[in-house]
Amino acid sequence: MNRRPFATALLLLTALTGCTTGPSLEHRGDITAPPGNSRDLTVGSAGFTESDLLAQMYALLLRHAGYGATVLSVTNRELYEPALESGRIDVVPEYAATFADWLNAKANGPDAPTVGSPDLTKTMTELRRLAAPRGLTVLDPGRAVDQNAFAVTRAYAAEHHLKTLSDLGRSGLPVRLAAGDECVRRPYCEPGLRKTYGIDIVAVDPKGVGTTQAKQAVESGRDQMVLTTTTDATLDQFGLVLLADDRHLQNADYIVPVVNRARAGGPGVVGALDPLNTVLTTADLASMNKQVDSWRRLPEDVARAYLQSKGLL
């Protein structure tokens, strides 16, 4: 999944990278300290719109529950995950399968077999197994998921009676796919579309994941399909619709809060954040992304309005 972060201050990055570990390596896997309940918490954001929105919602819910909460934007996992382990950051929104694979590669090397999968239960089991030795607790996922997804024009879908990726495979249509250049080797992309759905990918047009250029290529008819995400808020602008991943090719990238156990692993934080699971959907996230990216509203304002509309503030 391609996340495009905004820049943050060099001083901030230097401060965070100075704290690179939580529990020492020799003691990881044997963490016995009780979960903490610090009253002043820092919520981390990875700096792109959706992460900013989730971080703002977490902070607002924590404040509503009586905590002090500030939001800190950090550009990438290489910086914010060590800060989460060390307690410089207390809570971050994450993506279950992606974070499980990231922690697995960190623990076992970049060539370690992936542990994230389309099965949410298995993915959460692996994620929690990898997170616990690092002093991290993964809270329960809700209904919202930000997965890779594939879109075609509304006219193309109507002409060929397409609602699912299986429909496209059965059609036998040749497909030029606008995607990142890594698509040719990633199992969720060209190889998976061929193997799982029998789609005839005749070429991959390397225009990136969900970029404006990629969507324009499909809109114009140069390409027939684009790799994007399930919370893409701009599909309507290009006349595009998603085809359902009906055979579950994509991994279970459900949104989960991850907390530093020693500072924020107690029932108070869990109780403050869990209500979001009962209401937040993938469609809700797409709508909020659109309000920020297209309507130029502030993430905090959009997050507050959403929580108030759901009776959580």
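These figures come from a predicted structure and were not determined experimentally.
- Of the possible polar contacts, one joining the Asn104 side chain to the Pro113 backbone as a donor-acceptor pair under 3.5 Å is found.
- Between Val292 and Leu298 there is no side-chain heavy-atom pair separated by less than 4.5 Å.
- Inter-residue side-chain proximity for Val74 and Ile89 is flagged as met; some heavy-atom pair is nearer than 4.5 Å.
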| query | Are Leu62 and Leu273 close enough, and set up right, to give a side-chain contact (heavy atoms from CB on, under 4.5 Å), and what steps lead you there? | reply | CA-CA 7 Å; Leu62 288 167; Leu273 298 182; 4.2 Å; yes

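- Side-chain N or O atoms of Ser45 include one that pairs as donor or acceptor with a backbone N or O of Gly47 at under 3.5 Å.
- Glu50 and Thr231 form a side-chain donor-acceptor contact under 3.5 Å, judged by distance and modelled atom types alone.
- A continuous path of Ile, Leu, Val, Met, Phe, Trp and Tyr side chains, each step under 4.5 Å between heavy atoms, connects Leu168 with Leu249, placing both in one hydrophobic cluster.
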| message | side-chain hydrogen bond (donor to acceptor under 3.5 Å, both in side chains) for Arg297 and Gln291? Distances and angles first, verdict last. | response | CA-CA 6 Å; Arg297 296 186 62 192; Gln291 291 177 58; 2.6 Å; yes

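- With Asp223 contributing its side chain and Met225 its backbone, the two residues share no donor-acceptor pair below 3.5 Å.
- Inter-residue side-chain proximity for Tyr58 and Val71 is flagged as unmet; no heavy-atom pair is nearer than 4.5 Å.
- A donor and an acceptor atom, one from each side chain of Asn289 and Asp293, are nowhere located under 3.5 Å apart.
- Between the side chains of Ser117 and Asp119, no donor-acceptor pair of N or O atoms lies under 3.5 Å.
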| Going through the checks in order, is the side-chain hydrogen bond (donor to acceptor under 3.5 Å, both in side chains) test met by Asn37 and Tyr67? | CA-CA 10 Å; Asn37 191 37; Tyr67 292 87; 2.5 Å; yes

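- Here the side chains of Leu72 and Thr42 are in contact, with some heavy-atom distance below 4.5 Å.
- Of the possible polar contacts, none joining the Asn260 side chain to the Ala264 backbone as a donor-acceptor pair under 3.5 Å is found.
- The closest donor-acceptor contact from the side chain of Tyr95 to the backbone of Gln147 lies at 3.5 Å or more, if one exists at all.
- Look at Arg154 and Asp236 and you find a salt bridge, because one of the NZ, NE, NH1 or NH2 atoms lies within 4.0 Å of a carboxylate O, short of that distance.
- Using a 3.5 Å distance cut-off with no hydrogens or angles, the side chains of Lys215 and Thr228 do not pair a donor with an acceptor.
- In this structure, Arg185 does not pair ionically with Glu190, as no charged nitrogen and carboxylate oxygen lie closer than 4.0 Å.
- No donor-acceptor pair under 3.5 Å is formed between the side chain of Thr196 and the backbone N or O of Leu193.
- Within the 4.5 Å cutoff, side-chain heavy atoms of Tyr188 are placed close to those of Leu227.
- Residues Val218 and Val209 do not share a hydrophobic cluster, defined by chaining ILVMFWY side chains whose heavy atoms lie under 4.5 Å apart.
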| field | Criterion side-chain contact (heavy atoms from CB on, under 4.5 Å) on Thr164 and Asp167, from CA distance to verdict | value | CA-CA 5 Å; Thr164 68; Asp167 292 339; 3.2 Å; yes

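- Judged purely by distance below 3.5 Å, without hydrogens or angles, the side chains of Gln237 and Ser294 pair a donor atom with an acceptor atom.
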Can you give the donor-acceptor pairs under 3.5 Å from side chains of residues 303-313 to other protein atoms, not counting sequence neighbours?
residue	atom	partner	partner atom	Å
Arg304	NH2	Glu300	OE2	3.1
Tyr306	OH	Val279	O	3.3
Tyr306	OH	Asp284	OD2	2.6
Ser309	OG	Tyr306	O	2.6

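- Using a cut-off of 4.0 Å between Lys/Arg side-chain N and Asp/Glu carboxylate O, Asp232 and Lys290 are scored as not salt-bridged.
- Using modelled atom types, no side-chain atom of Ser51 and backbone atom of Phe48 make a donor-acceptor pair closer than 3.5 Å.
- A donor-acceptor distance shorter than 3.5 angstrom exists from the side chain of Ser220 to the backbone of Gln216, with no hydrogens or angles considered.
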| request: Could you give me the CA-CA distance, side-chain angles and deciding distance for Ile201 and Cys189, then say whether side-chain contact (heavy atoms from CB on, under 4.5 Å) is met? | output: CA-CA 10 Å; Ile201 306 293; Cys189 203; over 6 Å; no

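- The stretch residues 136-172 participates, sequence neighbours left out, in these ring-ring contact (aromatic ring centres under 6.0 Å, His included) pairs: Tyr156-His160.
- The closest donor-acceptor contact from the side chain of Asp205 to the backbone of Lys207 lies at 3.5 Å or more, if one exists at all.
- Looking at Val152 and Leu243, their side chains come closer than 4.5 Å, going by heavy atoms from C-beta outward.
- A continuous path of Ile, Leu, Val, Met, Phe, Trp and Tyr side chains, each step under 4.5 Å between heavy atoms, connects Val270 with Val259, placing both in one hydrophobic cluster.
- Taking a cutoff of 4.0 Å between a charged side-chain nitrogen and a carboxylate oxygen, Glu85 and Arg261 do not qualify as a salt bridge.
- Between Leu127 and Leu103 the shortest side-chain heavy-atom distance falls below 4.5 Å.
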| Verdict with supporting geometry, Leu41 and Val269, side-chain contact (heavy atoms from CB on, under 4.5 Å) | CA-CA 10 Å; Leu41 301 173; Val269 171; 3.8 Å; yes

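- Using a 3.5 Å distance cut-off with no hydrogens or angles, the side chains of Ser166 and Asp246 do pair a donor with an acceptor.
- Distance check: Leu136 CG to Leu130 CG gives 10.5 Å after rounding to the nearest 0.5 Å.
- Here the side chain of Thr229 pairs no donor or acceptor atom with the backbone of Gly210 at under 3.5 angstrom.
- Residues Leu165 and Val204 share a single hydrophobic cluster, defined by chaining ILVMFWY side chains whose heavy atoms lie under 4.5 Å apart.
- Tracing side-chain contacts under 4.5 Å through hydrophobic residues (I, L, V, M, F, W, Y), one reaches Leu139 starting from Met57; they form part of the same cluster.
- With 3.5 Å as the limit, one finds no donor-acceptor pair spanning the side chains of Thr114 and Asp101.
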